[in-house]
Amino acid sequence: MNRYDPKAIEAKWQRVWEDARAFHVPDPERGADRSAKSYVVEMWPYPSGTLHMGHVLVYTLGDVISRFRRRNGMAVLHPIGFDSFGLPAENAAIKEGGHPREITERNIATITQSMRRMGWGFDWDRLISAHEPEYYRWDQWLFLKLLEAGLAYRKGSPVKWCPVDQVVLANEQVHDGRCEYCGAEVVSKDLEQWFFRTTAYADELLDELEHIAWPDRVKAMQRNWIGRSEGAEIQFAIEELDAEVSVFTTRPDTLFGATFFALAPEHPLVERLAERSPNAGELRDYVRKAAVKRGEERAAAEQKTGVFTGFFATNPANEARIPIWVADYVLMEYGTGALMAVPAHDERDLAFAERFDIPVVTVIDDDGKLINSAQFDGWPADDAKRAIVDWLGERGRGTTAINFRLRDWGFSRQRYWGCPIPIVYCDEHGAVPVPESELPVLLPEIDDYKPKGIAPLASAEDWVRAPCPVCGKEGRREVETMDTFVDSSWYFLRFCDPHNDDAAWDRGIVDWWSPVDQYIGGVDHATMHLIYARFFMKALNDLGLIGFREPFLNLFTNGWVQLGGSKMSKSKGNVIGPEELVAEYGADSARLYMLFIGPAREDMDWTDEGIDGMSRFVRRVYRLVGEVAERARHGEPPPGELTRKAHETIAKVTDDVGRRQSFNTAIAAVMELVNELSKAGPDDPAARFAAETAVSLLQPYAPHVAEELWEQLGHERLWEQPWPAADPSQLVRDTFELVVQVNGKVRDRFEVDVGASEDELIARAKASARVQSHLDGAQVRKTIVVPRKLVNFVV
RNA sequence: GCCGAAGUGGCGGAACUGGCAGACGCGCCGGACUCAAAAUCCGGUGCCCGAAAGGGCGUGUGGGUUCGAUUCCCACCUUCGGCACCA
C-alpha cells in the first residue's frame with residue numbers, strides 16, 4: 001500500500017491546476033447572465049517577509065468558499081494582489097539598507113511561492129500590486145476625479161512644529177512640550193494637508209449599514225465611528241463684542257441650567273477676546289500650551305483646566321450673563337468648538353464647575369421633569385428638547401442640528417514609499433492638478449528615506465522642480481504621498497479589469513462582477529478601510545464611474561489566530577509558521593486544521609497537538625479510501641445505514657459551507673462519515689459511495705488529497721465536478737428514537753416506527769419498565785407528545 | 001461612561017426553530033500488534049455516590065416564563081472588543 005506523501009501529491013496537483021488554468025476566469029461576455037456569478041475577495045495582504053497564520057486562515061476561508069461556489073455552478077472571480085506601499089518596507093530600508101522597492105518585490109516573490117504551496121486557487125493572471133505604476137497611476141487619476149468633484153481638498157490643520165529644527169514633529173516626538181531633538185519649545189502651526197470629504201456621505205454611510213449583510217459588531221463599530229448625534233445649535237450673544245457665538249448641544253432641555261460658557265483654546269474668538277482682556281497674557285499662555293498637548297494628554301489630565309476671559313455670554317433662554325472660559329476639555333474639532341456648560345447635568349461640566357467654584361443649577365428633577373426653566377417647568381425632558389428648540393427658532397436663536405464624530409479623511413503622508421499626489425504648486429496658480437495625460441507621476445529614486453520632519457521626496461530636487469501645468473513657469477511638485485488606504489479603497493475594482501492601460505477599469509466589466517459578493521478579512525479593519533472603501537464607492541457612483549454604491553455585500557470577519565497561548569507545546573519552544581507546517585504536515589492538513597480549531601469568526605488558539613490529530617485524520621482517509629478504491633464494486637449504493645449517512649453528510653456540509661459559513665462543523669460531519677465508513681469496512685456495498693462522498697465533500701478544504709483520491713477512485717478533475725446533492729428520499733428514516741420523559745427528565749429512549757400514532761407512542765412509552773418505575777403508580781396529570789421526538793408525562 | 005460580543009467537560013468546541021447537553025477533535029486511561037518503541041487499530045472517558053444495576057447533580061450567578069430552558073425574559077457577576085473630555 002502506498003503511503004500518504006503530501007509533498008508529492010500537493011506538488012502534482014498544483015501543477016495540474018496550473019496547466020489546466022483551473023482558476024482563471026475570462027472577462028464576462030456582453031449581456032451574460034449575472035445571476036450565477038460570485039465575486040470573492042480576501043483583504044489583500046501587506047507583503048511582509050513571510051506568510052503568517054492569520055494569512056493561512058483568511059485565504060483558506062476564501063478558497064473554501066470559492067471552490068465550493070465553483071462546484072455549485074457559479075462563475076467565480078477569486079483574485080489576489082498586494083497592498084505593497086507602506087511604512088514597513090520603508091522602515092526596513094532605513095534599518096537594513098536597500099530600496100523599499102527591492103524589499104517589497106523580494107517579499108512578494110517569497111509570499112507568492114508560499115501561497116502557491118498552500119494550494120489557494122487564485123486567478124494569478126490578475127495579480128496586481130499597489131506599488132507598480134500600472135496600478136498607482138489610477139490612484140492618481142481617481143484623486144484628480146475626486147478633486148474635480150470637490151471631494152478632495154486641501155486645508156490647514158494644526159501640527160506640532162519645532163521652530164529651531166524647522167520640522168513637523170509626530171506626537172511621539174514631543175516630550176513635555178519640547179522637541180525630542182533639540183529641546184526647543186514646540187509650537188502649533190497650521191500645515192496644509194489633503195483631505196477626502198468623507199463627511200459628505202456621513203448619513204448614507206450610517207443608513208446603508210441597514211442593507212448590507214455584515215456582522216453586527218462591525219456595523220456597531222462603524223456606527224460608533226460615524227457617531228451621529230442629534231441636538232441643537234444655539235446662539236449666545238457676547239454683548240461687549242457685539243458678536244454671536246453658537247454652541248452644539250444634545251441637551252437643549254438643560255438650557256436654563258447653563259452656568260458658564262466654554263471655548264476651545266483653538267476657537268477663533270479667543271484671540272479677539274484676548275485683545276481686550278485684562279488677563280491676556282495668561283490666556284495666550286494657556287492657549288499656546290494647550291496647542292502642543294496631545295489630545296490624549298488633554299483627556300487624561302486629572303483636573304480640568306481653564307482660564308476666565310473676563311467676558312460674559314448671554315443665555316438666549318433667560319438672558320442670564322454667564323462667564324466665558326477657555327478650557328482645553330472643549331474640542332475645536334467637534335460641534336462648534338464652543339459649549340454651554342450645564343454642571344448639573346454633565347459630569348465634565350460639573351468637574352470644571354467644582355474646580356472653579358461656578359454655580360450649579362438643577363433644571364431636571366428626579367422624575368425627568370423640567371424645573372427652574374420658566375415656562376417649561378413641568379415638561380418632560382424629551383418633549384422639552386423639541387419645545388425649547390422651536391421656541392428659540394421663532395426668535396432666530398437656535399435650530400435643530402446634527403453632528404458627526406466622523407471627520408474628513410486626511411490622506412497625505414510625509415513618507416516616501418507611497419503614491420505621489422499629482423499636484424504642482426505654482427506661485428501664481430496655487431495647487432494645480434497634473435493633467436491626466438501626464439500620469440503617472442512616477443515615484444523618484446532618492447537616497448535617504450529617514451523621516452526628518454519634512455517629506456523625503458523633498459530631497460529629490462530635480463523631480464520636485466516641475467513646470468506649472470497652467471503657465472509653464474517653474475513650480476514645485478507635491479512632496480507628500482498618499483495614505484495606503486487610498487490604494488485599498490478600490491483595488492477590488494481593478495481586479496475585474498487588471499491590465500487595462502487605457503482606463504482604471506471598464507465600467508461594463510466592473511459592474512458585471514461587482515459588488516463583491518463575499519469579502520473576508522480581519523475585524524481590525526472594521527472602521528478605517530471598510531469606511532474608506534464604502535466612501536469611495538459612493539463617490540465613484542456619483543461620478544458615474546460605477547453602477548453601485550456599496551462595495552461588499554457580505555462580510556466575513558475572521559478572528560485572530562493565537563499561537564500556543566499559555567501552553568506552548570513540544571520542546572521546540574518556537575512558534576511554528578506556515579512554511580514549516582506545510583513541510584511537516586502538508587498544506588491540506590494545515591488548511592483543514594485551521595478551519596477545524598473553532599468557529600472562524602472567533603479568536604482561536606493554534607496547538608501542535610491539534611494539527612497532529614488532523615494529520616492523523618487525513619492519513620486515515622487516505623488509507624481507507626485507498627482500500628475502497630482497490631475493490632472493484634461500482635454502481636448504485638444500496639439503501640442502508642452507510643448510504644443514508646453519506647446523504648445526511650452531503651446535506652449537512654452543503655448547509656454548513658453554503659449557508660451557515662460554519663466551517664468547523666462541516667469538517668466534523670465528514671469525520672463522522674469517515675468513522676462510519678471505517679466501521680462498515682471497505683467491503684460494505686455502500687463503501688465506495690461513502691468514500692466518494694467524503695472525498696468530494698473534503699475537496700474545498702483539502703483539494704490536493706481529495707483530487708488524488710478521486711483519481712484513485714477512477715475519476716477525473718474533481719475541481720470541475722458538480723457539488724453532490726443529497727437525495728431527499730435517502731434522508732427519510734422509517735424509525736426514529738423516541739425520548740420518554742417523566743416531569744421533563746429523560747427516563748428512556750427507544751426506536752419507534754415513524755408512522756406510529758400519538759396514542760401508540762403514549763402506549764409504548766407507558767409500557768417501558770424504566771418509565772413505570774418513575775411513574776410509580778402516581779397519577780399522570782398531563783401528557784405532552786412532540787411528533788417524531790418525545791413523550792413527556794407530568795405527574 | 002456609551003456600544004457590541006461572549007461565558008458549556010481536563011482543553012478546542014457542538015447542540016441551526018424551546019425538545020436526548022457535551023457531536024467532532026485534542027488530551028488522558030485501558031487493550032491489541034511489537035523483543036521493544038513509534039506508528040496504527042479497538043474500547044473507555046462531564047462530576048458525585050455505587051461492585052453493578054441504578055440514582056443524584058450539571059451549560060457564569062440569582063430569579064422568572066414553560067410540561068420541558070445552553071436556547072426566551074429580568075437582575076447581577078466576569079471576560080474580551082470598539083468608541084470616548086464628542087457637549
Side-chain angles (χ1 to χ4, degrees), chain A residues 215-229 231 247-251 254 258 262 264 295-296 298-301 304 327-331 333-342 345-349 351-352 403-407 523-524 526-527 559-560 565 567 569 593 596-599 601-614 616-617 619-620 623 652 655-656 659-660 662 664-672 674-675 678-679 737-749 770 773 781-786 788-795:
Chain A
D216 286 341
R217 62 173 165 166
V218 176
K219 290 187 182 182
M221 281 186 221
Q222 294 214 345
R223 285 194 194 101
N224 269 339
W225 190 264
I226 296 165
R228 178 183 152 110
S229 31
V247 298
F248 174 74
T249 179
T250 53
R251 298 294 306 276
T254 64
E296 310 88 82
R298 277 162 66 159
K304 298 258 181 283
D328 73 359
Y329 81 94
V330 186
L331 307 175
E333 313 88 77
Y334 190 78
T336 63
L339 59 84
M340 62 174 222
V342 186
H345 304 287
D346 183 282
E347 270 183 47
R348 298 150 303 177
D349 297 346
F352 193 91
N403 248 279
F404 292 92
R405 202 195 74 94
L406 183 74
R407 310 274 156 76
V523 73
D524 45 324
T527 45
W560 290 95
K567 49 206 183 292
S569 60
Y593 182 56
F596 182 68
I597 313 176
R601 290 178 176 84
E602 281 155 44
D603 292 351
M604 58 199 77
D605 198 33
W606 179 281
T607 68
D608 288 353
E609 290 80 11
I611 184 137
D612 282 336
M614 188 53 77
R616 205 143 53 219
F617 170 70
R619 290 198 301 268
R620 185 156 176 251
R623 182 176 51 75
K652 167 81 174 153
D655 191 48
D656 279 357
R659 180 184 64 88
R660 297 179 64 208
S662 172
N664 54 329
T665 52
I667 298 170
V670 178
M671 286 174 165
E672 283 188 55
V674 170
N675 288 343
S678 171
K679 258 180 229 153
E737 194 176 57
L738 178 72
V739 172
V740 185
Q741 300 180 333
V742 178
N743 287 343
K745 286 191 178 171
V746 179
R747 294 305 176 185
D748 201 3
R749 57 187 73 150
R770 289 175 213 243
S773 73
R781 286 194 298 137
K782 197 171 177 183
T783 305
I784 285 111
V785 180
V786 182
R788 303 199 54 177
K789 279 213 174 86
L790 62 74
V791 172
N792 185 17
F793 296 112
V794 185
V795 299

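By convention in this document, chain letters (A, B, ...) are assigned in the order of the sequence lines, proteins followed by strands, and residues within each chain are numbered from 1. Both backbone and side-chain heavy atoms feed into the values below; hydrogens, waters and symmetry mates do not.
Distance alone, capped at 3.5 Å, places no donor-acceptor pair between the A:Arg747 side chain and the A:Val740 backbone.
Rounded to whole angstrom, the span from the CE atom of A:Met221 across to the P atom of B:C80 amounts to 15 Å. As rounded to whole Å, 16 Å separates atom P of B:G4 from atom CD of A:Gln222. Note: CD (A:Glu602) to C1' (B:G7) measures 11 Å, nearest angstrom.
B:G68 is unpaired under the Watson-Crick or G-U wobble criterion, no partner having all donor-acceptor distances under 3.5 Å. When both distances must be under 3.5 Å, the Watson-Crick or G-U wobble mate of B:G27 is B:U45. Pairing partner, B:G4: B:C80, with both Watson-Crick or wobble hydrogen-bond distances short of 3.5 Å. Base pairing of B:A32: its partner is B:U40, meeting the Watson-Crick or G-U wobble criterion (both donor-acceptor distances under 3.5 Å). Look at B:A75: its Watson-Crick or wobble partner, with both distances under 3.5 angstrom, is B:U61.
No hydrogens or angles considered: nothing links the side chains of A:Asn403 and A:Ser229 as a donor-acceptor pair under 3.5 Å. Looking at A:Asn675 and A:Arg620, their side chains do bring a donor and an acceptor atom within 3.5 Å of each other.
With C1' as the reference atom, B:U78 and B:U59 are 16 Å apart, rounded to whole Å. Atom name P, nucleotides B:A38 and B:C33: the rounded distance is 15 Å, in whole Å. Spacing between B:G50 and B:A39 at atom C1', rounded to whole Å, works out to 39 Å. B:A6 and B:C72: their P atoms are spaced 10 Å apart (whole Å). Of the P atoms belonging to B:C57 and B:A69, the separation is 13 Å, rounded to the nearest Å. Using C1' as the reference atom, B:C24 and B:G9 are 14 Å apart when rounded to the nearest Å. Across the P atoms, B:A32 and B:A23 are found 27 Å apart, a figure rounded to whole Å. Between B:C29 and B:G81, the distance separating the two C1' atoms is 40 Å to the nearest Å.
Distance from the side chain of A:Arg298 is smallest to B:C85 among B:C85, B:G82, B:A87.
Residue-level contact check: A:Arg407 touches the bases, meaning some heavy atom is under 4.0 Å from a base atom. If you check every strand for non-hydrogen atoms under 4.0 Å, A:Arg405 touches a base. Residue contacts shown for A:Pro215 are absent, as no nucleic acid heavy atom lies under 4.0 Å away. At the heavy-atom level, A:Ser678 lies under 4.0 Å from the strands shown only through sugar-phosphate atoms. Using a 4.0 Å heavy-atom cutoff across all strands shown, A:Arg781 reaches no nucleic acid atom at all. Contact annotation for A:Arg228: no contact, since no heavy-atom pair falls under 4.0 Å across all strands. Residue-level contact check: A:Val330 touches the bases, meaning some heavy atom is under 4.0 Å from a base atom. The residue A:Lys745 sits close only to the backbone: its heavy atoms come under 4.0 Å of sugar-phosphate atoms, none of a base. A:Thr783 comes within contact range of no nucleotide atom at all, as no heavy-atom separation falls under 4.0 Å. Within 4.0 Å (heavy atoms only), A:Lys679 reaches no atom of the nucleic acid at all.
Residues A:Phe248 and A:Leu339 form no side-chain contact, since every pair of their non-hydrogen atoms from C-beta on lies 4.5 Å or further apart.
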Sugar-phosphate means primed atoms, P, OP1 and OP2; the rest is base. With that split, encode nucleotides 21-32 of chain B 5' to 3' as B, S or - using protein heavy atoms under 4.0 Å. S-BBSSS-----
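Under a 4.0 Å N-O distance rule, the pair A:Lys652/A:Asp656 qualifies as a salt bridge.
Remark: A:Lys304 qualifies as a cation-pi partner of A:Tyr329 under the 6.0 Å distance and 45° angle criteria applied to the six-membered ring.
For the atom pair CE of A:Met221 and CD1 of A:Ile226, the computed distance is 13.0 Å after rounding to the nearest 0.5 Å.
Glycosidic conformation of B:G27: anti, with the torsion beyond 90° of 0.
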